[in-house]
Protein chains: 2
Amino acid sequence: MFALYNSNITMIYSSELIKGTLKTIVLKLLSDNNRMYGYEITQKVKELTGDKIQITEGALYPTLHALESDGLLSVETEFIGKRVRKYYSLSTSGKQKSQEKISELADFMNTMKYLLDIKTA
Amino acid sequence: MFALYNSNITMIYSSELIKGTLKTIVLKLLSDNNRMYGYEITQKVKELTGDKIQITEGALYPTLHALESDGLLSVETEFIGKRVRKYYSLSTSGKQKSQEKISELADFMNTMKYLLDIKTA
DNA sequence: CAACAATGCATAACATTCTTATGTATGTTT
DNA sequence: AAACATACATAAGAATGTTATGCATTGTTG
């Protein structure tokens with residue numbers, strides 16, 4: 001099940017665009033999904049964006065740790081066979097923060113789309 | 001002449017959102033306006049976004065210098081009385097690059113809006 | 001079954017790109 | 001004359017990514 005824009009063209013965004021949006025993406029996915037683990041998040045984002053947004057592990061794991069130490073996420077460690085898996089879910093304050101960040105980013109996207117479309121001449 | 005979203009609420013975006021979009025914003029304004037100087041760009045962005053996006057000088061001037069040294073912008077220095085003013089305009093390769101960056105950012109915005117709206121449940 | 005790819009976590013060195021602070025100078029308004 | 005706006009510039013520091021590396025387990029394929 002896919003939902004892609006320009007799925008024929010594989011255009012991976014230049015990385016600097018992702019900056020500043022990663023936390024919000026993570027919070028959004030967790031607000032929709034109740035609980036997810038790190039690797040799952042990277043795959044979900046790839047899937048939902050048709051490979052356009054690829055979250056690197058070097059970015060994701062520190063971000064998850066930061067959100068956790070801010071009290072926005074709680075963690076449950078589980079073992080799948082011998083392999084560790086860490087499930088993250090939103091805390092109460094995480095749910096609050098999640099809504100705020102999503103609203104802010106959505107608003108920002110509208111403003112940016114307006115800025116990009118406008119002819120100021 | 002204004003065009004604001006939520007003009008009653010002054011919500012300045014948390015700064016990290018701007019990251020990675022500044023070059024594109026500058027290129028976009030220059031593709032619409034033929035030539036502009038630095039201070040003018042900061043004011044135009046403020047005006048167009050209803051104060052939501054405020055470009056700091058510490059970010060803008062280094063960006064203009066970088067775009068210039070990449071050959072994307074050309075400069076003309078003028079004096080208004082005794083005060084210096086540096087007008088920037090797109091070079092030929094700058095016009096090309098401008099279109100590319102605008103397309104990429106517009107596409108990214110669509111993808112992000114999709115990501116934010118979706119219910120993955 | 002051996003090799004390779006995928007799953008799953010983690011951290012460190014480095015790069016990029018902002019913010020904040022500071023500096024210099026001229027022009028305008030109260 | 002003080003304050004604010006215009007107009008440029010740069011440097012120290014913070015934030016947040018990439019790239020590289022490491023380790024271990026599980027699934028797939030020739």
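Computed from a prediction, not measured in an experiment: that's the story for all the values here. Hydrogens, waters and symmetry mates are skipped; everything else that's a heavy atom, side chains included, is used. Here is the naming used below: chain letters follow the sequence lines, and residue numbers restart at 1 for every chain.
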| remark: 5'-most contact on DNA chain C (nearest-nucleotide basis), A/R85 vs A/G58, goes to A/R85
Between [atom2] of [N] and [atom1] of [X], the distance in whole Å:
{"X": "A/L60", "N": "C/dT7", "atom1": "CG", "atom2": "P", "answer": "15 Å"}
{"X": "A/L67", "N": "D/dT16", "atom1": "CG", "atom2": "C1'", "answer": "13 Å"}
{"X": "B/L22", "N": "D/dG17", "atom1": "CG", "atom2": "P", "answer": "17 Å"}
{"X": "B/Q43", "N": "D/dC4", "atom1": "CD", "atom2": "P", "answer": "16 Å"}
{"X": "A/I55", "N": "C/dC9", "atom1": "CD1", "atom2": "C1'", "answer": "16 Å"}
{"X": "B/I80", "N": "D/dA5", "atom1": "CD1", "atom2": "C1'", "answer": "15 Å"}
{"X": "B/I18", "N": "D/dA14", "atom1": "CD1", "atom2": "P", "answer": "21 Å"}
{"X": "A/D70", "N": "D/dT16", "atom1": "CG", "atom2": "P", "answer": "10 Å"}

| query | Is the closest side-chain donor-acceptor distance between A/E100 and A/Q96 under 3.5 Å? | reply | yes
Any side-chain N or O of [X] under 4.0 Å from OP1/OP2 of [N]?
{"X": "A/Y61", "N": "C/dA10", "value": "no"}
{"X": "B/H65", "N": "D/dC8", "value": "no"}
{"X": "A/T63", "N": "D/dG17", "value": "yes"}

Options [options], nucleotide nearest the side-chain atoms of [X]:
{"X": "A/Y39", "options": "C/dG8, C/dG27, D/dA7", "result": "C/dG8"}
{"X": "B/E57", "options": "D/dT6, C/dT17, D/dC8", "result": "D/dC8"}
{"X": "A/K23", "options": "D/dT16, D/dT18, D/dA7", "result": "D/dT16"}
{"X": "A/P62", "options": "D/dT25, D/dA9, C/dT11", "result": "C/dT11"}
{"X": "A/K82", "options": "D/dT25, D/dC8, D/dT18", "result": "D/dT25"}
{"X": "B/K19", "options": "C/dT20, D/dA5, C/dT17", "result": "C/dT17"}
{"X": "A/K86", "options": "C/dC18, C/dC9, C/dT7", "result": "C/dC9"}
{"X": "A/A59", "options": "D/dT18, D/dA7, C/dC18", "result": "D/dT18"}

| SB check B/E78 B/R35 (cutoff 4.0 Å) | yes
| field | Lys/Arg N to Asp/Glu carboxylate O, A/D107 vs B/K52, below 4.0 Å | value | yes
| task | Of all the heavy-atom pairs spanning B/Y61 and B/Y39, show the shortest one and how long it is. | result | OH-N, 3.9 Å
| message | Need one value for B/R83: base, sugar-phosphate or nothing, where a base atom within 4.0 Å counts as base even if backbone is also close, heavy atoms only. | response | base
| Across the strands shown, which category fits A/G38 at heavy-atom distances under 4.0 angstrom: base, sugar-phosphate, nothing? | sugar-phosphate
| If we only count heavy atoms from C-beta on, is the A/K44 to A/M36 side-chain gap below 4.5 Å? | yes
| Same apolar cluster: A/I118 and B/L30, side chain cutoff 4.5 Å | yes
